[in-house]
Amino acid sequence: MKKLKLVERIVEHGIVAVLRGKDANEVAEMAEQAIAGGIKVIEVTMTVPSALKAIERLAAKYDSRTSDPDRFAVIGVGTVLDPETARAAILSGAEFVVGPSLNPATVALCNRYRVPIMPGVMTIKEIQEALELGVDIVKLFPSSSPSMIKAIKGPLPQANLMPTGGVTLDNLGEWISAGAVAVGIGSDLTNEAVRVGDLRRIADRAALYVEAFRAARGR
C-alpha cells in the first residue's frame, strides 16, 4: 500500500523539484527552500557529490506520512542509471526513484521493494515497454512541447506522463491541460537563487509554481 500512496501523493502535489547543487549541503538547503515554498516532492540527483548524504538529511527531517504540513515532503532520488544506485538511495531514505532512461533492471529492483520508479522515455516503444514492466509514471525526457503528450495519448491513453526539462512558469498550464499527471522542474527553480547567492529565493519561485499548478488544476 505504501507504494500506491506515494504515487497518489506525487500526482496530488504534481510538481517534482529536480535539484542539482555543488555538494550535499547546498542541495539539501535547496530542497528545504523548495519545500518551504510549497513544492513537496523533491528529487535529489545522483550527479550531486555525496548525494546520499543529502537524501539521508532530508529523509530524517521530513515525513511523507505525517499530517503536519511543516514536516510533510516526499524525498526521492534522480539520475539513477542502475539498480545498485537505486538500492543505495532507497537504503538512504529515498522513497521514489527517477532515471534519465529506461533500465529494466532498475525497474525490477524498485518493483521488488515496492518503490515508485519513473524512468525517462522518449518513444512510444519505450513507454509501452515501461508499462509492461509495471511502471506507474513515466518521465517524458527530454520534453519540448505539450503537443508531445497529446500525440502519445493517442495510442497510449493509459500512460501517466511527467514531462521534465521543458516546463516553465509560462507553459506549466499547457502541460497540465495536455494531460500531464505531474511535472518536473529543474534549473528554472534554482538558477536565479544560485546566481545571486541567496537560496531563499527558491522558496519564492516555488510558491509561484505551486500557484500556477493549482490554477491549472482548477483549484
Side-chain angles (χ1 to χ4, degrees), residues 7-20 30 34 37-47 74 76-81 96-103 106-107 116-133 135-195 202 204-219:
V7 171
E8 287 177 355
R9 289 188 174 110
I10 291 168
V11 172
E12 175 188 358
H13 289 275
I15 303 175
V16 179
V18 183
L19 301 179
R20 295 178 173 84
M30 286 178 171
I39 296 180
K40 299 295 187 176
V41 186
I42 303 296
E43 175 189 330
V44 176
T45 65
M46 286 301 296
T47 54
V74 184
V77 62
T79 322
V80 173
L81 304 179
F96 66 90
V97 174
V98 182
S101 61
L102 176 61
N103 182 288
T106 302
V107 174
I117 166 74
M118 294 179 277
V121 296
M122 290 184 64
T123 67
I124 293 292
K125 181 180 179 181
E126 288 178 321
I127 296 170
Q128 180 176 332
E129 183 179 357
L131 294 176
E132 291 169 354
L133 290 170
V135 171
D136 296 296
I137 300 173
V138 293
K139 181 176 81 166
L140 191 58
F141 178 79
S143 53
S144 58
S145 168
S147 62
M148 297 172 66
I149 291 186
K150 293 182 179 180
I152 292 167
K153 286 285 189 177
L156 294 175
Q158 72 274 29
N160 295 316
L161 305 173
M162 180 181 76
T164 302
V167 182
T168 66
L169 274 173
D170 292 333
N171 66 20
L172 186 150
E174 295 177 45
W175 285 106
I176 298 302
S177 296
V181 298
V183 295
I185 309 297
S187 59
D188 189 60
L189 180 65
T190 60
N191 274 354
E192 176 68 13
V194 172
R195 186 182 67 80
I202 294 174
D204 297 332
R205 191 72 172 168
L208 293 176
Y209 267 104
V210 171
E211 181 181 1
F213 175 77
R214 289 176 175 170
R217 280 266 182 98
R219 64 184 186 191

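Only heavy atoms go into these numbers, but all of them, side chains included; no hydrogens, no water, no symmetry mates.
Taking 4.5 Å as the limit, every side-chain heavy atom of Thr164 sits out of range of all side-chain heavy atoms of Met118. Between Asn103 and Pro119, every side-chain heavy-atom pair lies at or beyond the 4.5 Å cut-off. Residues Val18 and Thr45 form a side-chain contact, since some pair of their non-hydrogen atoms from C-beta on lies under 4.5 Å apart. With a 4.5 Å cut-off on side-chain heavy atoms, Arg205 and Ile202 do not count as touching. Counting heavy atoms from C-beta outward, Ile137 and Val11 have side chains that approach closer than 4.5 Å. Counting heavy atoms from C-beta on, the side chains of Phe213 and His13 never come closer than 4.5 Å. Counting heavy atoms from C-beta outward, Val183 and Tyr209 have side chains that stay 4.5 Å or more apart. Looking at heavy atoms from C-beta onward, Leu133 lies in side-chain contact with Leu102 at the 4.5 angstrom threshold.
Heavy atoms only, all atoms of each residue included: Asp188 and Leu169 are closest at OD2-N, 4.2 Å. Between Trp175 and Ser143, the closest heavy-atom pair is CH2-CB, 3.6 Å. Closest approach of Ala206 to Ala34, counting heavy atoms only: CB-O, 3.7 Å. The minimum heavy-atom distance between Val135 and Ile117, with the atom names listed, is CG1-O, 3.5 Å. Between Ala216 and Leu172, the shortest heavy-atom distance links the atoms CB-CD2, 4.2 Å. Closest non-hydrogen pair, Val181 versus Arg217, comes out as O-NH2, 2.9 Å.
Between Arg195 and Glu192 there is a salt bridge, since a side-chain N of the basic residue sits under 4.0 Å from a carboxylate O of the acidic one.
Taking CD from Glu43 and CZ from Arg20, the interatomic distance works out to 7.0 Å, rounded to the nearest 0.5 Å. To the nearest 0.5 angstrom, Ile176 atom CD1 is 8.0 Å from Ile15 atom CD1. Between the CG atom in Asp204 and the CG atom in Leu189 there is a gap of 10.5 Å [rounded to 0.5 Å]. To the nearest 0.5 Å, the span separating CD1 on Ile42 from CE on Met30 amounts to 11.5 Å. The CG atom of Leu156 lies 8.5 Å from the CG atom of Leu161; values are rounded to the nearest 0.5 Å.
Proximity of a side-chain donor or acceptor of Glu174 to a complementary backbone N or O of Asn171 within less than 3.5 Å is not detected.
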Stepwise side-chain contact (heavy atoms from CB on, under 4.5 Å) test for Val80 and Val98
CA-CA 6 Å; Val80 173; Val98 182; over 6 Å; no
For residues 146-153, please give each side-chain donor-acceptor pair under 3.5 Å, one per line with the distance, not counting sequence neighbours.
residue, atom, partner, partner atom, Å
Ser147, OG, Ser145, OG, 2.9
Lys153, NZ, Pro157, O, 3.3
Lys153, NZ, Ala159, O, 2.6

